[in-house]
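Side chains included, hydrogens not; waters and symmetry mates left out as well; all remaining heavy atoms used. Heads up: numbering here begins at 1 and tracks the sequence.
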Amino acid sequence: MTNSVRNQYLALFWAIFILVMCDIPLQGEHTPPFVGFDKLTHTGFFFVLTVLLFYGKIRQQRNYEYRIITILKIIGITAALGGGIELLQWKVFTYRDGDWWDFFCDMVGVGMGIFSYIMLHRIRLHEKKIFN
């Protein structure tokens with residue numbers, strides 16, 4: 001357990017940052033720079049979180065092995081965080097709106113992170129075959 005926490009500290013800090021940023025009250029009249037900025041922010045937050053979770057797992061394994069169980073765990077963790085944030089906004093932090101489209105954008109960011117991991121794995125595997 002402590003080995004996992006030691007390797008996942010960046011992802012843990014980022015998850016706390018996401019939780020705080022998504023639940024703080026917006027001060028004054030909040031006008032985003034463009035329509036859809038909120039959705040783009042959610043996608044970016046969760047893309048970075050997914051990349052950091054994979055980074056911690058790679059550090060823990062000390063290799064780039066492709067494991068479907070790792071992907072499923074990351075989907076579960078990020079879905080729980082994204083869904084939890086939306087439920088908190090809906091029921092607890094009533095000054096924010098719980099929006100399931102935000103959750104969808106969270107999962108789009110996760111999908112982008114998973115795709116990046118798979119592509120990185122394939123590139124590393126291809127390089128290994130070429131140079132060996």
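Nearest approach of T78 to I75, heavy atoms of both residues: OG1-O, 3.2 Å. Listed here is the closest heavy atom pair of G82 and F103: C-CD1, 3.6 Å. Contact between R67 and Q61 at its shortest, heavy atoms only, is NH1-OE1, 3.4 Å. Pairing each heavy atom of H42 with each of C105, the nearest pair is CB-CB, 4.1 Å. In this structure, F54 and T70 approach most closely via the heavy-atom pair CE2-CG2, 4.0 Å.
In this structure, W90 has no ring pair (Phe, Tyr, Trp, His ring centres under 6.0 Å) partners at least two apart in sequence or on a different chain. With sequence neighbours excluded, the residues forming a side-chain hydrogen bond (donor to acceptor under 3.5 Å, both in side chains) with K39 are D99, D102, listed by chain and number.
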Validation: residues 9-17 side-chain donor-acceptor distances under 3.5 Å, sequence neighbours left out:
unit_1, atom_1, unit_2, atom_2, d
W14, NE1, F45, O, 2.9

Pair L81-I77, side-chain contact (heavy atoms from CB on, under 4.5 Å): steps then yes or no
CA-CA 6 Å; L81 179 64; I77 290 167; 5.7 Å; no

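Put simply, NZ on K57 and OH on Y117 are 9.0 Å apart, with the number rounded to the nearest 0.5 Å. Atom CD1 of residue I24 and atom CG of residue L19 lie 11.0 Å apart, to the nearest 0.5 angstrom. I74 CD1 to L53 CG: the interatomic distance, rounded to the nearest 0.5 Å, is 5.0 Å. Considering CE of M119 and CD1 of I114, their distance stands at 12.5 Å, rounded to 0.5 Å. Annotation: the span from L72 atom CG to I68 atom CD1 amounts to 5.0 Å, rounded to 0.5 Å. The distance from atom OG1 of T50 to atom CE of M112, rounded to the nearest 0.5 Å, is 9.5 Å.
Residues I71 and I118 are in side-chain contact: their nearest non-hydrogen atoms beyond the backbone lie under 4.5 Å apart. Contact annotation: the side chain of I18 approaches that of F46 to within less than 4.5 Å [non-hydrogen atoms, C-beta and beyond].
Residue-environment remark: CH2 (W101) stays at or below the threshold of 12 foreign heavy atoms within 6.0 Å. Under a cut-off of 6.0 angstrom, the local environment of CZ in F93 is crowded, with over 12 non-hydrogen atoms contributed by other residues, nucleotides or ligands.
Judged purely by atom type and a 3.5 angstrom limit, Q89 uses its side chain to pair as donor or acceptor with the backbone of C22.
L49 and V20 fall within a single hydrophobic cluster, where Ile, Leu, Val, Met, Phe, Trp and Tyr side chains are chained together by heavy-atom contacts under 4.5 Å.
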